[in-house]
Amino acid sequence: MILILLGPPGAGKGTQAKEIARRRNLVQLSTGDMLRAAIAAGSPVGLKAKAIMESGGLVADDIVISIIAERIAQPDCANGFILDGFPRTLPQAAALDDMLRAKKLSLKTVIEMKVDDEVLIDRVSGRFTCANKSCGEGYHDRYKKPRKEGVCDICGSTAFTRRADDNAETMRNRLTAYYKETSPLVGYYFAKGLLQSVDAMAGIGEVGDAMNKLLDAPSGPTAAKSSSK
Ligand code: AP5
């Protein structure tokens, strides 16, 4: 199964992608995580991406397209994957179509996560993440606390990080980039009959249930039935 989670910064893409990946034995592919890893490693890609990400802009298409092309060729993606944060522009979507066509693969669905802007700002400002690189579980100061304070539910790590781009000013730029560059993908995938939507204003568990319902539906999505609401 190959699916895309589409939504603005803080919509809950990473939270849900991790859960769906665990349940369904899929790989979560987050271009944001890959770029942050490149920055941490000081690689040439990381050096190019750092200032752009800190400002809330989008990294160049050719960079993210080649990162994803390389990653989906890895054997662990053979059972399927969830794209979280890619594609983010129309050229990225067209490049993904080409990659999948060349591998004789197809997208099962694109799930759009709808959340009001003021809620997005609240979500990113309270976010923190397990610092264990092989875990990276996401949490929130109010909406998703670790079961035991200061200890990651998944891996038991006691170290957590907060993202440099999770501040009000950068968030405004990230939202602008979303509406300008990424929201046209809603129409792109609607026209292909692949788009479904969830009300991602609901709690984490409810949003997950709505997504699972869509993914378990026997027939594929249709343009006419594009909302779970
Ligand atoms: P990226 O890392 O992809 O960030 P993003 O798209 O801005 O999304 P976020 O990770 O901020 O949010 P999310 O939707 O995953 O929310 P989460 O689940 O964490 O990209 C960062 C940067 O990298 C970009 O700005 C760009 O510069 C660059 N980049 C990446 N990909 C690129 C590409 N393809 N092209 C070009 N540039 C690219 O949830 C947020 C918080 O809310 C968490 O604390 C969570 O616990 C909480 N939460 C989640 N769901 C709920 C809920 N239902 N109710 C209450 N709280 C919730």
Side-chain angles (χ1 to χ4, degrees), residues 4-21 28-39 45-46 48-69 71 82-93 95-96 111-130 136-146 152-153 160-167 169-183 185 198-211:
I4 294 175
L5 298 190
L6 186 64
K13 303 182 294 296
T15 302
Q16 299 299 339
K18 280 193 168 55
E19 192 51 37
I20 296 169
Q28 176 204 7
L29 301 182
S30 156
T31 38
D33 287 347
M34 293 175 201
L35 291 165
R36 281 184 287 278
I39 291 173
V45 164
K48 282 186 198 160
K50 189 170 187 293
I52 299 167
M53 289 174 73
E54 280 171 0
S55 72
L58 292 184
V59 174
D61 286 337
D62 59 333
I63 293 179
V64 282
I65 289 167
S66 71
I67 289 177
I68 281 290
R71 187 62 188 87
I82 306 167
L83 291 161
D84 156 12
F86 181 94
R88 244 171 160 109
T89 64
L90 288 167
Q92 290 180 24
L96 177 66
I111 302 181
E112 180 198 11
M113 303 180 70
K114 292 186 167 182
V115 184
D116 295 347
D117 291 353
E118 62 274 19
V119 172
L120 297 171
I121 293 166
D122 182 45
R123 286 190 186 172
V124 298
S125 57
R127 169 168 50 194
F128 60 101
T129 306
C130 172
E137 184 68 6
Y139 295 96
H140 192 279
D141 292 330
R142 291 189 304 288
Y143 310 128
K144 188 184 168 196
K145 295 178 180 180
C152 176
D153 295 346
F160 296 88
T161 58
R162 289 185 191 257
R163 276 169 46 177
D165 60 347
D166 280 350
N167 60 71
E169 195 193 329
T170 307
M171 189 57 185
R172 262 195 302 279
N173 295 340
R174 286 161 65 194
L175 275 174
T176 302
Y178 179 78
Y179 288 119
K180 208 169 149 196
E181 307 282 352
T182 309
S183 65
L185 297 182
V198 294
D199 173 11
M201 292 286 285
I204 293 174
E206 282 170 74
V207 175
D209 289 347
M211 286 191 170

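Order of appearance sets the numbers: ligands from 1, and atoms from 1 within every ligand.
Residues satisfying the side-chain hydrogen bond (donor to acceptor under 3.5 Å, both in side chains) criterion with E54, sequence neighbours excluded, are K50. Applying the side-chain hydrogen bond (donor to acceptor under 3.5 Å, both in side chains) criterion to D165, with sequence neighbours excluded, gives R163. Scored by the side-chain hydrogen bond (donor to acceptor under 3.5 Å, both in side chains) test, T182 finds no partners at all (sequence neighbours excluded).
When every heavy atom of M113 is checked against every heavy atom of A200, the shortest pair comes out as CB-CB, 3.8 Å. Nearest approach of A202 to V207, heavy atoms of both residues: O-CG2, 3.5 Å.
Between atom CG of residue L120 and atom CE of residue M171 there is a gap of 5.0 Å, rounded to the nearest 0.5 Å.
Sorted by chain then number, the residues whose non-hydrogen atoms approach ligand 1 to under 4.0 Å are P8, P9, G10, A11, G12, K13, G14, T15, T31, G32, L35, R36, M53, G57, L58, V59, V64, G85, F86, R88, Q92, R123, R127, Y139, H140, Y143, K144, R163, D165, R174, A200, A202, G203, I204, V207.
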